[in-house]
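Everything on this sheet refers to the single structure shown next.
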Protein chains: 2
Amino acid sequence: MSQMQSVEKQLRQMILGLEIGPGEKLTERWIESRIGASRTPVRAALLRLETEGLVGRDGRGWTVSPINLAELEQIAVYREAVEVAALRLTCALADRGAVDVIEAMLESCDNDTPREEWHRVGMDFHIELARLSGNEFLFRAVRDAMTRLSRARWLEVRDEAALARAWAEHRAILAAARLGDADEAARLLSGHIVGSRDRLVTSLANDRRGLRARGFAVVAA
Amino acid sequence: MSQMQSVEKQLRQMILGLEIGPGEKLTERWIESRIGASRTPVRAALLRLETEGLVGRDGRGWTVSPINLAELEQIAVYREAVEVAALRLTCALADRGAVDVIEAMLESCDNDTPREEWHRVGMDFHIELARLSGNEFLFRAVRDAMTRLSRARWLEVRDEAALARAWAEHRAILAAARLGDADEAARLLSGHIVGSRDRLVTSLANDRRGLRARGFAVVAA
DNA sequence: GATACCAATTTGGGATACCAAGGTGGTGCC
DNA sequence: GGCACCACCTTGGTATCCCAAATTGGTATC
């Protein structure tokens with residue numbers, strides 16, 4: 001793999017893993033020494049991550065994008081549009097057996113599964129579901145939206161009950177999709193996304209003070 | 001304006017204006033001499049245009065993205081999802097007076113208007129309509145989709161009748177939106193997008209031979 | 001003590017030099 | 001004539017250097 005892609009990957013992981021906090025200033029030279037590559041690939045990585053919304057410009061200079069509650073709400077609306085469209089396409093497909101692969105993915109999480117896994121599988125559910133539609137643009141839209149949501153979801157305080165409910169909703173969506181019941185699947189998915197958004201925004205708004213204390217910039221809705 | 005943004009702008013214009021044909025090979029050094037900037041801003045521009053889908057990598061090396069009929073069809077599905085969602089949001093708005101601005105935009109085109117203007121305004125209709133929703137993500141999605149469609153629409157052979165019908169459809173959509181009739185507006189917009197796609201793909205498929213003769217790579221659906 | 005101003009450092013933007021990999025054309029052998 | 005092989009050249013990837021602007025820190029003045 002070229003160094004350019006490697007820098008991008010490492011930097012993205014540092015940002016998504018909150019190793020670099022939302023709102024922190026970035027300098028190309030710091031990244032250069034931190035990652036061990038020269039400025040050229042570092043700049044290429046920053047340009048890419050900028051289009052993903054993970055970093056942004058702060059006048060002259062780079063900043064890790066803060067958590068933006070207003071943005072999270074807009075993303076939810078966007079997700080609802082593209083995910084529902086993808087799901088409807090999938091429901092119209094002749095072969096919907098592929099949903100079983102996703103169901104197996106969900107089953108792979110049990111009580112012993114580390115939190116990281118739950119986090120990743122929770123996002124992959126939506127991403128893989130969109131992939132099934134066969135539409136590259138819908139798929140990319142969902143994947144990019146989930147990437148943007150990733151840090152916020154990581155910060156969200158979720159109790160066992162909420163987690164279990166989300167998993168149940170995922171399974172219900174798959175069940176409806178397997179039957180080809182597009183309207184029901186779409187209805188369930190919409191509700192799931194809206195519910196997720198509400199819990200997410202509420203949780204972050206409540207924790208805002210604590211998050212800021214940890215050095216994480218959280219912009220209000 | 002920084003040189004980097006200028007290079008990006010110029011290069012995008014050259015690609016969208018078909019000054020550089022779909023499928024053509026690009027070398028960083030050629031662009032460098034053509035635009036009159038060094039490789040650093042050229043590379044930055046290429047990285048950005050890559051995320052817009054206007055250029056792509058061809059193993060080692062850059063290529064102006066060919067016109068891809070399968071991609072055009074997928075984009076239409078994607079557009080339908082995001083544009084309809086945006087339109088429904090707009091219909092739910094308290095103040096829908098802003099649609100008048102768009103209507104005025106349409107009126108600005110008459111028989112004397114050069115073809116370039118028609119082309120631009122035809123796309124801006126969809127972009128500005130999405131902007132009214134107030135959702136940044138839906139707006140960007142529509143804008144980026146229209147950018148990707150731009151070259152294909154430029155190549156499309158459109159008769160007067162088709163053009164007039166498209167304009168009438170635009171106006172009908174606005175009329176429904178002004179009344180807040182979301183279902184009707186959505187229905188009209190869906191139909192418009194699907195119809196546009198059909199005419200576009202059909203026209204390009206028919207002209208494929210001629211387009212290739214002009215040096216334009218056209219990938220079949 | 002506050003503030004205005006200046007020097008020094010830092011920073012991103014741009015230019016250029018260098019490199020390894022891949023492609024191309026030519027040449028000589030079969 | 002055809003094919004294998006090799007030297008050369010082009011190309012993107014990387015590193016490094018330079019520059020202008022902006023930030024910073026200190027200092028002198030009021």
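Order of the sequence lines fixes the chain letters, A, B, ..., with proteins taken first and strands second; residue numbering starts at 1 for each chain.
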Query raised in the report: Using a cut-off of 4.0 Å on non-hydrogen atoms, how would the nucleic acid contact of Thr27(B) be classed: base, sugar-phosphate, or nothing?
Result: sugar-phosphate

Query raised in the report: Are Glu71(A) and Arg148(A) within salt-bridge range, i.e. N to O under 4.0 Å?
Result: yes

Query raised in the report: From the list dG13(C), dG13(D), dA15(D), which nucleotide is the closest neighbour of the side chain of Glu28(A)?
Result: dG13(C)

**Report entry** Nearest-Å distance for atom pair CD/P, residues Glu32(B) and dT16(C)
**Finding:** 8 Å

Query raised in the report: Below 4.0 angstrom, N of the basic side chain to O of the carboxylate: do Arg12(B) and Glu52(B) qualify?
Result: yes

Query raised in the report: Could Arg120(A) and Glu117(A) be called an ion pair, given the rule that one side-chain N must be under 4.0 Å from one carboxylate O?
Result: yes

Report task. Scan Glu80(B), Glu83(B), Glu169(B) and name whichever one has a side chain to side chain donor-acceptor pair (under 3.5 Å) with His192(B). Result -> Glu169(B)

Report task. Report the nucleotide, chosen from dT14(D), dG12(C), dG12(D), that has the shortest atom-to-atom distance to any side-chain atom of Arg29(B). Result -> dG12(D)

Query - Watson-Crick or G-U wobble partner of dT29(D), both distances under 3.5 Å - result: dA2(C)

**Report entry** For atom CG of Leu26(A) and atom P of dG13(C), their distance in whole Å
**Finding:** 13 Å

Query raised in the report: So, the side chain of Arg115(A) versus the backbone of Trp154(A): is there a donor-acceptor pair under 3.5 Å, distance only?
Result: yes

Query raised in the report: Are any of Thr40(A)'s side-chain N or O atoms less than 4.0 Å away from OP1 or OP2 of dT14(D)?
Result: no

Report task. In whole angstrom, give the distance that lies between atom NZ of Lys25(A) and atom P of dT10(C). Result -> 18 Å

**Report entry** Value in whole Å for how far the P atom of dC9(D) lies from CH2 of Trp30(B)
**Finding:** 24 Å

**Report entry** Assigned partner base of dG25(C), Watson-Crick or wobble definition, under 3.5 Å
**Finding:** dC6(D)

Query raised in the report: dG13(D), dA15(C), dA15(D): which one has an atom nearest the side-chain heavy atoms of Arg39(B)?
Result: dG13(D)

Requested in this report: Looking at every strand, decide which applies to Leu46(A) at a 4.0 Å heavy-atom threshold: base, sugar-phosphate, or nothing.
Outcome: nothing

Query raised in the report: Between dG13(C), dG12(D), dA15(C), which nucleotide gets closest to the side-chain atoms of Arg43(A)?
Result: dG13(C)

Requested in this report: Check the distance between dG13(C)'s C1' and Gln5(B)'s CD and give it to me in whole angstrom.
Outcome: 11 Å

Query raised in the report: Expressed in angstrom and rounded to an integer, what is the separation of Leu47(B) atom CG from dT14(D) atom C1'?
Result: 14 Å

